[in-house]
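Below: one structure, written as structure tokens.
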Amino acid sequence: MTRALPDTVESLLIRTDFSDDAGWRATVEAASQPWDLGGGVITGAHLLVVDDAALDGLTLVELAEVIDGPPPYYVFLADADTIANPEHSILAVDTSGDPVNFPTFRVHPSQMPSVENNLSLANMDFDDFASAVGADGVFRGFGPPPTKRVLSKAALLDAIDRSTLSTEAIIEYRAALEDSLTDDESANFTPDMRSSHDDLVTRRHEYNEYSSWIVGLDESINALGAGGAALVIRLIASTRQDRLHGSCTVWVDPVNLVPIAVLAYGVPAPRRAH
């Protein structure tokens with residue numbers, strides 16, 4: 001089957017999961033609810049719904065091939081996570097830039113009118129919404145987002161293989177995660193990784209001078225400098241005879257949990273006084 005999208009200026013809501021018709025209908029209904037702006041003004045998300053089985057399982061890489069644009073400068077996807085999650089959060093995709101790595105965030109259906117209206121009118125940029133997501137990667141409005149999230153170790157391990165980080169960094173992260181004695185990990189939400197970037201740059205000399213071993217410092221500085229939201233996990237680094245007292249800090253994507261940066265380091269074991 002040929003994969004193609006409508007040639008239109010309307011905002012597209014594209015179905016990419018066909019496992020549950022009821023879930024799909026609930027998603028469309030939730031995203032189409034009216035939005036009361038006050039003063040008797042009622043609007044909503046102006047969406048062209050694309051329900052084409054040829055798009056079943058469409059990935060972001062395949063989306064780039066289908067679009068061959070921009071335009072469109074953004075699309076909305078109802079993917080497997082949208083359908084399976086009772087909240088039916090919709091994946092917003094910025095298709096205006098590099099097709100190798102389309103930026104994304106999730107939208108609670110109740111916020112679709114706000115996101116769609118402002119993007120279509122160019123009143124706001126994609127980053128304005130992406131930087132305001134909650135700890136779970138979902139945009140629910142511009143109120144204060146939750147700052148903590150509990151993540152399943154199994155889900156974190158599953159996401160590791162999709163990372164493009166160095167082999168050394170991935171080995172450290174996987175080992176620290178597997179050595180953890182809990183089934184879940186606590187994560188802190190940061191709306192902009194550049195704050196972590198600035199801290200690492202300031203403390204670069206300290207890390208290099210006082211760490212008995214270190215992995216991922218320069219790679220993390222480069223990755224975090226791109227900014228954007230992340231979940232920050234702090235683990236005990238995997239220990240072995242030649243190194244003790246290790247720490248492993250990991251920044252993961254709040255939507256897909258893929259690791260963005262890994263910094264693992266250790267300090268020398270305390271020496272006994274003679």
Any sub-3.5 Å donor-acceptor pair from E116's side-chain atoms to P113's backbone N or O?
no

Would V250 end up clustered with L157 when hydrophobic side chains under 4.5 Å apart are linked, directly or stepwise?
yes

Judged by modelled atom types alone, do S110 and R140 share a side-chain donor-acceptor pair under 3.5 Å?
no

Between R204 and D218, is the closest basic N to carboxylate O distance under 4.0 Å?
yes

Main-chain N/O of T249 paired to R234 side chain as donor or acceptor, under 3.5 Å:
no

Is there a donor-acceptor contact under 3.5 Å from the side chain of E172 to the main chain of E168?
no

Dump the intermediate steps for side-chain contact (heavy atoms from CB on, under 4.5 Å) on L63 and V75, then the final yes or no.
CA-CA 10 Å; L63 175 65; V75 297; 3.9 Å; yes

Within-4.5 Å side-chain heavy-atom neighbours: H46 and N117:
yes

Looking just at side-chain N and O atoms, do W24 and D51 make a donor-acceptor pair shorter than 3.5 Å?
yes

Heavy-atom side-chain proximity of Y74 to S120 below 4.5 angstrom
yes

With the side chain counted from C-beta on, respond yes when V50 and L13 share a heavy-atom pair under 4.5 Å apart, and no when they do not.
no

With a 4.5 Å cut-off on side-chain heavy-atom distances among I, L, V, M, F, W and Y, is there a chain of contacts connecting V201 to M193?
yes

Can you find a heavy atom in the side chain of L231 that is under 4.5 Å from one in the side chain of N188?
no

Shortest non-hydrogen contact between D17 and S19, atoms and distance
OD1-OG, 2.5 Å

Just so I know, are the side chains of T202 and L200 near enough to count as touching, which here means a heavy-atom distance under 4.5 Å?
no

Same cluster for I236 and Y207 if Ile/Leu/Val/Met/Phe/Trp/Tyr side chains link at under 4.5 Å?
no

Hey, is D183 close enough to K153 for a salt bridge, meaning N to O under 4.0 Å?
no

Donor + acceptor pair across side chains of Y73, T95 (<3.5 Å):
no

Is the count of non-hydrogen atoms from other residues, nucleotides or ligands lying under 6.0 Å from E29 atom CD greater than 12?
no

Do W251 and V258 sit in one hydrophobic cluster, given that two such residues count as connected whenever their side-chain heavy atoms are within less than 4.5 Å of each other, even indirectly?
no

The side chain to side chain contact (heavy atoms under 4.5 Å, CB included) partner of L263 among V215, L224, L217 is L217

Please check if L91 and L5 belong to a single hydrophobic cluster, counting links between Ile, Leu, Val, Met, Phe, Trp and Tyr side chain heavy atoms closer than 4.5 Å.
yes

Between L156 and Y173, is there a side-chain heavy-atom distance shorter than 4.5 Å?
yes

Ignoring hydrogens and geometry, is there a side-chain-to-backbone donor-acceptor pair from S163 to P259 under 3.5 Å?
yes

D127 side chain vs A130 backbone, donor-acceptor pair below 3.5 Å
no

Nearest-0.5 Å distance, CG of residue L60 to CZ of residue F102
7.5 Å

Charged N-O contact under 4.0 Å between R149 and D184
no

If you look at every heavy atom in S96 and P70, which pair is closest and at what distance?
O-CG, 3.9 Å

Report the C-alpha separation of D81 and R106 in whole Å, then their side-chain angles, then the decisive distance to 0.1 Å, and conclude whether the salt bridge (Lys or Arg N to Asp or Glu O under 4.0 Å) test is met.
CA-CA 10 Å; D81 288 341; R106 289 197 175 272; 3.5 Å; yes

Assign the ring pair F129 / F139 to parallel, tilted or perpendicular, where the plane angle (0 to 90°) is split at 30° and 60°.
perpendicular

If you take all heavy atoms of A237 and A176, which pair is closest and at what distance?
CA-CB, 4.2 Å

Any carboxylate oxygen within less than 4.0 angstrom of a Lys/Arg side-chain nitrogen, looking at D198 and R194?
no

Nearest heavy-atom approach of P109 to A30 is CB-CB, 3.5 Å

Okay, side chain of S211, backbone of Y265: is any donor-acceptor separation there less than 3.5 Å?
no

S131 and D192: side-chain contact (heavy atoms from CB on, under 4.5 Å), yes or no, with the steps?
CA-CA 7 Å; S131 63; D192 191 343; over 6 Å; no

Pair E185-S180, side-chain donor/acceptor within less than 3.5 Å
yes

Would you compute the distance between atom CG of D179 and atom SG of C248 and round it to the nearest 0.5 angstrom?
10.5 Å

Rounded to the nearest 0.5 Å, what separates atom CZ in F76 from atom OG1 in T27?
14.0 Å

Is it the case that the side chain of T104 and the backbone of V93 share a donor-acceptor pair, with hydrogens and angles ignored and the cut-off at 3.5 Å?
no

Charged N to carboxylate O under 4.0 angstrom, R174 versus D161?
yes

Looking at D21 and R15, is any side-chain nitrogen of the basic one under 4.0 Å from a carboxylate oxygen of the acidic one?
yes

Sub-3.5 Å donor-acceptor pair from the side chain of D20 to the main-chain atoms of G23, do we have one?
yes

Could you grab the distance from atom OG1 of T16 to atom CD1 of I14, nearest 0.5 Å is fine?
8.5 Å

Looking only at heavy atoms, which two atoms of N256 and A159 are closest? And how far apart?
O-CB, 3.6 Å

Near D7 CG, under 6.0 Å, is it more than 12 heavy atoms from other residues, nucleotides or ligands?
no

Hey, mind stepping through L257 and D253 against side-chain contact (heavy atoms from CB on, under 4.5 Å) and telling me if it holds?
CA-CA 5 Å; L257 305 184; D253 187 297; over 6 Å; no

Does D125 offer a backbone N or O that forms a donor-acceptor pair with the side chain of N118 under 3.5 Å?
no

Interatomic spacing from CD1 in I90 to CG in N85 - rounded to 0.5 Å
11.5 Å

Contact summary for L58 and R3, nearest pair of heavy atoms
CD1-NH1, 3.6 Å

Report yes or no: do T82 and D79 form a side-chain donor-acceptor pair below 3.5 Å?
yes

Supply the atom-to-atom distance S89 OG to H108 NE2, rounded to the nearest 0.5 angstrom.
8.0 Å

Any heavy-atom pair between the side chains of E62 and T59 that's under 4.5 Å?
yes

For a side-chain contact (heavy atoms from CB on, under 4.5 Å) check, start with the C-alpha distance between V107 and V115, then their side-chain angles and the critical distance, and finish with the verdict.
CA-CA 8 Å; V107 188; V115 175; 3.8 Å; yes

Heavy-atom side-chain proximity of P72 to I67 below 4.5 angstrom
yes

